[in-house]
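So that the names make sense, note that chain A is the first sequence line, chain B the second, and so on, each numbered from 1.
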Amino acid sequence: MPAAEYVSPEGLRLDGRRPKELRQLRAELGVLSSATGSALFEMGNTKVLAAVFGPKPVEQRSQEDEKRAIIKCEYAMATFSTGERRRRGKADRRATEITMAIRNTLEQTILTELLPRSQIDIYVQVLQADGGTRCACINAACLAVAAAAIPMRDLVASCAAGYLESTPLLDLNYLEDSGGGPDVAVAIHPNYDNRVVLLQQDNRLAIETFEQVLELAVAGCRAVSGFMRERLQEHTQALAAAQDAGEQDDVGGGDGEDDDDDVMGVDDF
Amino acid sequence: MAAPLISQGEVEWITAGVSYNTRNDGRKREDFRQLKVQLGMLAQATGSARVQLGETDVIVGVKAEIGVPDADRPDCGRIVFGVECSPVASPAFRGRGGDELSSELARALERSMYPGPSGRGGGIDLSVLSIVSGKTCWVLHVDALLLNIGGNLHDAVSAAAKAALADAKVPKVQVVPGEDPNGKRARLQLPGHSRAGCYSSVSDPEAGLAWPSKRVYEPDYEVDDDPSEAMRLDASGMPICITVSLIGGHCVVDLTVQEELCSAAAMQVAVDASGGVCGITKRRQKGIEASLAMEMIEVAQRAAAQLHTALSSSLAEQQGQQQMAVG
């Protein structure tokens, strides 16, 4: 089997992208009617669905926190999501690790102190996995939380970068990820001077190269956050338009003061 | 599953409406909600379909794997059904919460697809999935994932399974004879096309040239990656499950979550496109009189015709679009 060439001499990767190019991003909000907030997020072929239920009363009284909301998270991969069909048990170790990563990241982002004694459930379902699943999950979860009108201190955007054939590569797909090179997954708060809220690295990486790769990943996160903000604004405008149209039909309708119900409750934007 | 709440007043309202042949969303007792079908959205699956029946949302992926046939049906492939309840549908499906519901749904799908001893007559003709009799065959794993609960899950899941199987493109397999120590060759047609290249000069088996040295003389197989050579499955005979419920003594079809809380007895009937009944299961707590049971089966047959038509026209439209996109 010929050695796979991750970066061709012309500087193109296996899927035709340049080294610093993100895959195509797609997002849709409010895709599930039962959830308080939901979002479908796609990074290239990786498709992830996130649903948020809450804030609601805590299910187990013993876990109730009088100062803040508790966050429960679960990550599930569909049996058809990977190339080889794998019957994944829910207690899979990787799934537990990713669940913790998502919960940890969202705990730092959601203003839990504003919702004491309550519980927020965040569930993520992977429909198709092609590398960068944990990043897509965090992005989808962030959009779902926003769609659920839960206050956050900032958007959280996540992206991964790697290093193969002496080139830092942004947003690895599954083939590149399996290439044996390092994989650095990062999540940031873009408005807080890009402060890092998640950082995970697999495999070996020289410390000088690490800075390069980290910078690239953070730049990728900023691009993702820009995209997420655009989608959120479009979604809110559509909701406001629908609300206005509805009010015109009402007899003596309201004066639109509830327009901001679905906007994130952060004032610094 | 966390039971949604319903008040006695709402139950009486819905029951009264049903007796006047009007439901909360304006439908009649035997009307289905809008059916939306999307094919082929999972690039890594052999076939896939997403079906939305009202608020109920299901994705089904079909994956074809090489496996061993059953001992009692050596010339047939196999189909294995699995259902998963995604936690995004409800917090009740966290951890193992959805196991009971998913086994029930998977079992219902399996029962409606029991084939006869020849592999035919079970919805999908399993004999087309055989590769080498008694040794190798295609095993189709049909996995459904519930994304949103909007009532009437069984019907949506079976319609989605049918759509996904109709979308499935099973790769073409070439059976290649292995080297036989007695000098006899299996009588097999070998097309000129070859992906690996090492079989390229096999047109003259008698010459004994270019056979890779194999000690085993069992036939070997080669999977062709070319999508235009893939085999499409004939899912037209596959039944769809129709759930007929009793609300206040009337037969109602395609219930929403609220309506399901008002019904104490239901019959699930698997009906195929020609109106033939393929399986019956009684659900929920209350008993049904025999005459009423017969009436429910007839209602199911009528309703099935509606759903089959809606599904086939959606499938035809989607497959037409796919052809245009490729061609």
Side-chain angles (χ1 to χ4, degrees), chain A residues 1 26 30-40 42 44-54 56-59 72-91 95-96 99 119-130 137 140-141 144 173-174, chain B residues 1-2 4 38 40-50 52 54-67 80-99 102 106 139-151 164 168 196 256-257:
Chain A
M1 179 157 134
R26 256 178 248 107
V31 288
L32 300 172
S33 64
S34 312
T36 317
S38 57
L40 176 67
E42 296 179 45
N45 278 334
T46 298
K47 264 204 246 287
V48 164
L49 190 55
V52 169
F53 294 89
K56 54 183 181 174
V58 179
E59 280 163 21
K72 287 224 178 260
C73 207
E74 191 167 299
Y75 164 91
M77 279 187 92
T79 34
F80 44 69
S81 59
T82 47
E84 287 288 313
R85 179 187 178 272
R86 261 172 297 179
R87 190 72 188 89
R88 288 176 165 277
K90 285 225 173 127
T96 317
T99 305
Q119 176 176 325
I120 301 173
D121 286 349
I122 303 177
Y123 301 119
V124 183
Q125 175 76 52
V126 177
L127 298 174
Q128 218 169 261
D130 186 21
C137 287
N173 61 25
Y174 180 73
Chain B
M1 218 174 108
Q38 230 186 312
M41 3 94 57
L42 298 175
Q44 285 163 325
T46 312
S48 59
R50 180 177 178 182
Q52 286 163 288
E55 306 264 288
T56 300
D57 199 343
V58 183
I59 290 191
V60 174
V62 178
K63 277 209 185 268
E65 281 179 357
I66 304 275
V80 181
F81 291 98
V83 177
E84 252 180 58
C85 297
S86 172
V88 302
S90 160
F93 296 150
R94 195 169 44 213
R96 306 203 72 97
D99 280 0
S102 40
V139 180
L140 294 180
H141 289 275
V142 181
D143 293 302
L145 183 65
L146 286 180
L147 296 178
N148 203 38
I149 311 285
T256 59
V257 175

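Side-chain contact between B/Val88 and A/Ser38 is absent, with no heavy-atom pair separated by less than 4.5 Å. Looking at heavy atoms from C-beta onward, B/Pro91 lies out of side-chain contact with A/Lys72 at the 4.5 angstrom threshold.
Atom OG of B/Ser90 and atom CG of A/Leu32 lie 11.5 Å apart (nearest 0.5 Å).
Contact record, A/Gln125 with B/Ser86: OE1-OG, 2.6 Å, taken as the closest heavy-atom pair. In plain terms, the two heavy atoms of A/Ser34 and B/Ala89 that are nearest each other are CB-O, 4.1 Å. For A/Thr79 against B/Lys63, the heavy-atom pair with the smallest separation is O-CE, 4.4 Å. When every heavy atom of B/Glu55 is checked against every heavy atom of A/Ser33, the shortest pair comes out as OE1-OG, 2.6 Å. B/Val60 and A/Phe80 get closest at one heavy-atom pair: C-CE2, 4.4 Å. The heavy-atom pair separating A/Glu74 from B/Pro87 by the smallest distance is OE2-CG, 3.8 Å.
For chain B, no part of A/Ala144 is nearby; none of its heavy atoms comes within less than 4.5 Å. Interface residue A/Leu127: backbone and side-chain heavy atoms are both found under 4.5 Å from chain B.
Remark: side-chain polar atoms of A/Gln128 are paired, donor with acceptor, to backbone N or O of B/Ala43 under 3.5 angstrom.
Residues passing the side chain to side chain contact (heavy atoms under 4.5 Å, CB included) test with B/Thr56, sequence neighbours excluded: B/Arg33, B/Val58, B/Leu153, B/Ala156.
Heavy-atom pairs under 4.5 Å with chain A peak, among B/Asp57, B/Ile59, B/Thr46, B/Val62, at B/Ile59. Among A/Ala50, A/Ala35, A/Ala51, the residue making the largest number of heavy-atom pairs under 4.5 Å with chain B is A/Ala51.
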